[in-house]
Amino acid sequence: DELKSMLKVDYPEEQFVIRSESTDRFSKTHVRLAQVYKGVPVYGADVVIHLNEQGAGELFIGRYVKVPDGISTTPKIKSDAALEKASLHLNNGKEKSVPDSQIPLIAENTKPEVSLTIYRKKELLSDYVLAYHVVLFAHNFYRWEYFINASSGDIIHYYNSTCDAN
């Protein structure tokens, strides 16, 4: 009930899942929550609630959104089709793969990732859609993220999310 009033949502147990919980050296507990809609993660909607020694809410940080009812959580295309769409776009219509790295840490972290998510379109911030979140690596190990509409197969948004030292 405290979470319900803190988040100002009717059913927090249906809209959030605990991702992690830890207690620091000052006996304060930090609970990281991910927002979900009918069990599907909402992209970019994560919050952290900091509880004092008695377990009362002390600080709240993060972002969550009001997802409108009626969004289908059943994809019409397969995850393989979303991966292929993003890969062909990234490689200008050609099938390319990332060369195998001799560094084990890089090799195990450059495999494509595909997951379903509820995505808020950037053009219309009130427009939510079921999408595949596809993470790919280009030949130069640049990390690209794509959002593919899970109904139509269209690319909704993509960007380079590579971190570098420059």
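Residue T23 holds its OG1 atom at 7.5 Å from NE2 of H30, rounded to the nearest 0.5 Å. Remark: R32 CZ to F16 CZ distance equals 13.0 Å, nearest 0.5 Å. Separation of atoms NE2 (H50) and CD1 (I61) is listed at 3.5 Å; rounding is to 0.5 Å. Here Y128 contributes atom OH and K121 contributes atom NZ; the two are 13.0 Å apart, rounded to the nearest 0.5 Å. With rounding to the nearest 0.5 angstrom, the CG atom of N160 is 11.5 Å from the CG atom of L136. How far CD of Q35 is from OH of Y43: 14.5 Å, rounded to the nearest 0.5 Å.
For the pair Y132 and L116, the minimum side-chain heavy-atom distance is below 4.5 Å. Taking 4.5 Å as the limit, every side-chain heavy atom of Q15 sits out of range of all side-chain heavy atoms of Y64. Here the side chains of P75 and L130 are in contact, with some heavy-atom distance below 4.5 Å.
Shortest non-hydrogen contact noted between K85 and G153 is CE-O, 3.3 Å. Residues A34 and R19 share a closest heavy-atom pair of CB-CD, 3.2 Å. Contact between T117 and H133 at its shortest, heavy atoms only, is CG2-CB, 4.1 Å. Considering all non-hydrogen atoms of both residues, E145 and S161 come closest at OE2-OG, 3.0 Å.
Every residue two or more places apart in sequence or in another chain was checked for a salt bridge (Lys or Arg N to Asp or Glu O under 4.0 Å) with K38, and none qualifies.
Within 6.0 Å of OH in Y159 there are more than 12 heavy atoms belonging to other residues, nucleotides or ligands.
Note on V17: it does not cluster hydrophobically with Y119, by side-chain heavy-atom contacts below 4.5 Å among ILVMFWY residues. With hydrophobic clusters built from ILVMFWY side chains whose heavy atoms lie under 4.5 angstrom apart, F26 does not share a cluster with L59. I71 and I77 fall within the same hydrophobic cluster, defined by Ile, Leu, Val, Met, Phe, Trp and Tyr side-chain heavy atoms under 4.5 Å apart, directly or through other members. There is no path of hydrophobic side-chain contacts, each under 4.5 Å, that joins Y11 to V67.
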**Study point:** side chain to side chain donor-acceptor pair (under 3.5 Å) between H89 and Y146, intermediate numbers included
**Key:** CA-CA 10 Å; H89 183 269; Y146 279 79; 2.7 Å; yes
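Checking side-chain atoms of D154 against main-chain N and O of I156 turns up no donor-acceptor pair under 3.5 Å. Between the side chain of S72 and the main chain of T74, a donor-acceptor pair closer than 3.5 Å is present. A donor-acceptor pair under 3.5 Å links the side-chain atoms of T162 to the main chain of R143, judged by distance alone.
Salt bridge absent: K111 and E113 never bring a charged side-chain N and a carboxylate O closer than 4.0 Å.
Of the candidates V36, V65, V129, V42, I118 forms a side chain to side chain contact (heavy atoms under 4.5 Å, CB included) with just one, namely V42.
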